[in-house]
Protein chains: 2
Amino acid sequence: MHNCHTHNACIETALEAAVVICDDGGLRFTKLRRAVLELVWTSHGPIKAYDILDQLDSSIASVTPPTVYRALDFLLENGLVHKLSSLNAYVGCSHPHRHHECYFLICTGCGEAMECCNSGLVDAVALTGRQNNFKPKSITLEITGECGDCQGRH
Amino acid sequence: MHNCHTHNACIETALEAAVVICDDGGLRFTKLRRAVLELVWTSHGPIKAYDILDQLDSSIASVTPPTVYRALDFLLENGLVHKLSSLNAYVGCSHPHRHHECYFLICTGCGEAMECCNSGLVDAVALTGRQNNFKPKSITLEITGECGDCQGRH
DNA sequence: TCTAAAATGTTATAATATAACATAATGAGA
DNA sequence: TCTCATTATGTTATATTATAACATTTTAGA
Ligand SMILES: [Zn+2]
Ligand SMILES: [Zn+2]
Ligand SMILES: [Zn+2]
Ligand SMILES: [Zn+2]
């Protein structure tokens with residue numbers, strides 16, 4: 001379950017952060033990109049590209065796959081969303097100002113994806129790299145299971 | 001790069017291990033499943049479902065997607081192959097007798113996926129679970145980067 | 001204003017995976 | 001050996017996810 005009791009505030013915060021990041025980076029946070037990021041955040045859990053497409057207001061952009069995928073590409077490149085490969089779904093980055101290595105606890109009960117940063121994990125990955133003479137560039141770490149709230153409900 | 005200088009032996013070993021595992025588990029290691037596992041192993045790196053389909057001998061089975069996906073499902077369920085979600089590709093498990101938590105170092109240079117088991121990483125994941133009151137069931141950990149052999153070649 | 005670059009529109013198609021139902025093969029018990 | 005239920009495979013169609021290719025519009029700076 002999401003633990004932000006005021007999810008609207010949560011969405012607003014994310015959008016404001018995106019504005020700052022784009023301003024700082026000289027990036028264009030267009031109406032479309034904003035709309036897509038807002039849809040991603042409005043969904044409480046990971047959302048699929050075609051669900052974004054379904055929900056996209058046709059007055060904002062052409063409702064076709066390239067529209068959504070391009071916006072997602074922009075958001076991914078700039079660290080505003082993450083892709084969960086194991087689900088083919090997208091989720092807003094909850095700390096876009098400093099998203100080094102992020103990983104996800106994905107609950108099969110409620111569908112929420114909790115984003116974590118943990119130096120222990122990061123260190124373990126780095127060590128593995130060194131041990132294998134391997135130079136890591138990007139990491140996909142998705143842990144599927146049951147969150148605390150859902151473990152009770154059987 | 002794969003470091004098994006006799007990859008044929010490597011394939012044979014994997015097939016023999018599969019026979020043992022299926023025998024022990026009362027599972028049917030059919031001609032089709034064997035053929036698909038062999039194709040997975042014959043590929044030096046991760047292989048895609050439709051590439052398996054292309055290479056599947058039509059005298060063994062009907063060359064249609066369900067054929068391949070069903071065989072892959074069987075092999076996945078029984079720990080004989082892994083799916084690399086970040087690539088939508090499949091790779092043979094290199095230690096199917098005891099594949100607890102596996103992760104992969106995927107080289108963008110040569111395409112190889114090296115399977116690792118590292119208690120440090122496993123422990124870090126477990127700790128993260130406890131800290132977040134989250135009960136992990138399955139883990140997707142794919143590290144993309146450059147292997148030692150490929151770091152030289154620029 | 002002019003213009004090159006970036007963003008979006010548009011149409012088509014590629015790539016990945018599953019649904020649904022039919023048939024065949026297998027193997028355990030009668 | 002003969003059911004017959006289960007498992008595996010065949011077959012056809014379709015769902016889902018993502019990109020290619022090219023046209024047009026918008027933007028921001030010179
Ligand atoms: Zn993040
Ligand atoms: Zn949950
Ligand atoms: Zn394995
Ligand atoms: Zn390599």
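The sequence lines fix the lettering, A, B, ..., with proteins before strands; numbering per chain opens at 1.
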For this session: Please state whether the phosphate of D:dG10, meaning OP1 or OP2, lies under 4.0 angstrom from any side-chain nitrogen or oxygen of B:Thr67.
Result: yes
For this session: Tell me whether the OP1 or OP2 atom of C:dA17 has a side-chain N or O from B:Tyr90 closer than 4.0 Å.
Result: yes
Problem set entry | All ring pair (Phe, Tyr, Trp, His ring centres under 6.0 Å) counterparts of B:Phe104, not counting sequence neighbours | B:His82
Exercise. Less than 3.5 Å between a donor and an acceptor, one on the side chain of B:Arg28 and one on the base of C:dG27, is that the case here?
Worked result: no
Exercise. Ignoring hydrogens and angles, are the base of C:dA17 and the side chain of B:Tyr50 linked by a donor-acceptor pair under 3.5 Å?
Worked result: yes
For this session: Would you please confirm or rule out a distance under 4.0 Å between OP1 or OP2 of C:dT8 and any side-chain N or O of A:Arg33?
Result: yes
Exercise. Taking OP1 and OP2 of D:dA18, is either one under 4.0 Å from a side-chain nitrogen or oxygen of A:Lys83?
Worked result: yes
Problem set entry | Short side-chain N/O contact from A:Asn88 to OP1 or OP2 of C:dT16, under 4.0 Å | no
For this session: Check every atom of C:dT11, C:dA20, C:dG9 against the side chain of B:Arg70 and return the nucleotide holding the closest atom.
Result: C:dA20
Problem set entry | Under-4.0 Å side-chain N/O to phosphate OP1/OP2 contact, A:Lys48 with D:dT17 | yes
Seminar exercise, completed: Of D:dT9, D:dA18, D:dC22, the nucleotide closest to the side chain of A:Ala49 is D:dA18
For this session: Looking only at side-chain atoms of A:Pro66, point me to the closest of D:dT27, D:dA18, C:dT10.
Result: C:dT10
Exercise. When you check the phosphate oxygens OP1 and OP2 of C:dT8, does a side-chain N or O of A:Thr30 lie under 4.0 Å from one of them?
Worked result: yes
